[in-house]
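Quick note: numbers below take in every heavy atom, side chains included, and nothing from hydrogens, waters or symmetry partners.
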Amino acid sequence: HNSTVYRWNRPCYGISDNGKPHLRIENRVLPAGPTILDQVANATFWLGAMMGASQEYTDIREMISYEDVQDNFIKASKFGIDSKFSWLNDKKITACDLILSELLPLARAGLNSCKVNSSDIDKYLGVIEERAKKHMNGARWILRSFTKLKSETTLDESLSVLTSSIIQNQNKNLPVH
């Protein structure tokens with residue numbers, strides 16, 4: 001729609017101050033909203049999950065293989081919220097169930113450990129929870145809306161209506177779910 005390519009995460013190899021090599025995942029650009037509330041929820045969820053994971057797992061490589069991580073990444077890039085993953089200890093789980101049963105509690109614990117205000121945690125993780133319950137995210141909302149509009153009107157009008165809807169939802173502070 002707007003010619004943007006989202007490079008959400010990238011692996012980075014580095015050398016620590018102690019000379020030990022390491023591999024880390026950098027989150028370069030958080031997923032787009034489509035509203036500011038959605039974007040803040042994305043950031044809150046991601047940061048909370050990263051903090052929670054660093055406290056919960058000593059060495060996550062003992063719980064999931066690199067091959068499963070790679071396969072999960074490819075599935076997520078192809079199927080998004082419809083993905084089914086091989087998770088820790090070879091557990092098979094859908095994206096929405098993973099978010100609801102494992103990642104949200106992990107994110108909540110991570111944010112609590114950083115002393116983030118509990119009402120902020122509830123507000124922003126609540127957005128993520130409702131998305132998972134309703135099986136909806138920004139990408140799915142935009143694609144479904146665009147597909148429906150395209151069948152009813154011209155391409156130009158479809159894009160204009162979609163952009164206008166995004167702006168209206170931003171102004172009303174309505175999350176995508």
Side-chain angles (χ1 to χ4, degrees), residues 4-12 22-147 169 174-177:
T4 302
V5 175
Y6 296 105
R7 296 180 184 97
W8 294 15
N9 299 303
R10 70 175 188 170
C12 294
H22 65 274
L23 185 64
R24 67 185 184 279
I25 297 174
E26 283 189 357
N27 185 260
R28 301 297 291 187
V29 180
L30 289 169
T35 68
I36 293 170
L37 177 58
D38 286 302
Q39 289 179 265
V40 174
N42 291 341
T44 303
F45 179 50
W46 188 83
L47 293 167
M50 292 300 100
M51 292 303 300
S54 70
Q55 296 162 3
E56 179 74 20
Y57 309 117
T58 307
D59 189 348
I60 201 163
R61 297 171 303 168
E62 296 172 358
M63 303 174 80
I64 189 168
S65 70
Y66 174 80
E67 291 77 16
D68 282 340
V69 171
Q70 183 179 33
D71 186 53
N72 289 341
F73 180 83
I74 291 167
K75 286 177 188 173
S77 68
K78 286 182 178 181
F79 307 113
I81 199 167
D82 295 321
S83 300
K84 186 169 186 178
F85 300 116
S86 296
W87 193 239
L88 305 182
N89 300 314
D90 204 32
K91 179 179 180 179
K92 307 302 184 215
I93 190 165
T94 65
C96 290
D97 288 341
L98 177 63
I99 290 166
L100 291 169
S101 67
E102 305 215 13
L103 298 180
L104 278 170
L106 193 68
R108 183 172 295 281
L111 294 166
N112 279 325
S113 74
C114 295
K115 299 185 181 6
V116 174
N117 183 296
S118 63
S119 63
D120 288 337
I121 294 172
D122 292 343
K123 176 181 180 177
Y124 297 117
L125 292 187
V127 169
I128 303 298
E129 181 178 7
E130 288 303 311
R131 277 194 225 152
K133 285 180 178 177
K134 294 182 178 175
H135 200 85
M136 183 61 64
N137 61 18
R140 186 181 190 96
W141 179 83
I142 287 173
L143 288 172
R144 283 189 168 182
S145 299
F146 181 65
T147 300
N169 289 343
L174 292 176
V176 72
H177 65 271

Answer whether the closest heavy-atom distance between the side chains of Ile81 and Thr94 falls below 4.5 Å.
no
Verify, without hydrogens or angle tests, whether Arg131 (side chain) and Val176 (backbone) share a donor-acceptor contact under 3.5 angstrom.
no
So CD of Gln55 and CG of Asn112: to nearest 0.5 Å the spacing works out to 10.0 Å
Taking the side chain as every heavy atom from C-beta outward, state whether Thr44 and Asp120 have any atom pair closer than 4.5 Å.
no
Just verifying a value: how many Å separate Ile142 CD1 and Thr147 OG1, rounded to the nearest 0.5 Å?
11.5 Å
Hey, does Glu102 have a side-chain heavy atom less than 4.5 Å from the side chain of Asp97?
no
How close do Ala95 and Gly80 get, heavy atom to heavy atom, and via which atoms?
CB-O, 4.4 Å
Indicate whether the side chain of Lys92 and that of Ser86 have a donor and an acceptor atom separated by less than 3.5 Å.
yes
Would you confirm whether Ser54, through its side chain, and Met51, through its main-chain N or O, come within 3.5 Å as a donor-acceptor pair?
yes
Is the closest side-chain donor-acceptor distance between His177 and Asp38 under 3.5 Å?
no
Rounded distance (nearest 0.5 Å) linking atom NZ of Lys91 with atom CD1 of Ile64:
12.0 Å
List the steps, then state whether side-chain contact (heavy atoms from CB on, under 4.5 Å) holds for Val127 with Asn42.
CA-CA 9 Å; Val127 169; Asn42 291 341; over 6 Å; no
Can you tell me how far OG of Ser118 sits from CG of Leu125, rounded to the nearest 0.5 angstrom?
11.5 Å
Neighbour count >12 (heavy atoms, 6.0 Å) for atom CG, Leu143:
yes
side-chain contact (heavy atoms from CB on, under 4.5 Å) for Leu37 and Lys123? Distances and angles first, verdict last.
CA-CA 9 Å; Leu37 177 58; Lys123 176 181 180 177; 3.8 Å; yes
Whether Thr35 side chain and Asn169 backbone form a donor-acceptor pair below 3.5 Å:
no
Is a side-chain donor or acceptor of Ser113 paired with a backbone partner of Gly110 at a separation under 3.5 angstrom?
yes
Less than 4.5 Å apart, side chain to side chain, heavy atoms only: is that true for Ser101 and Ile93?
yes
Taking side chain as C-beta onward, heavy atoms only, is Tyr124 less than 4.5 Å from Val116?
no
Quick one, Arg140 and Asp82 - any side-chain contact, counting heavy atoms below 4.5 Å?
yes
Any sub-3.5 Å donor-acceptor pair from Asp71's side-chain atoms to Glu67's backbone N or O?
no
Side chains of Phe45 and Leu104: does their closest heavy-atom pair fall under 4.5 Å?
yes
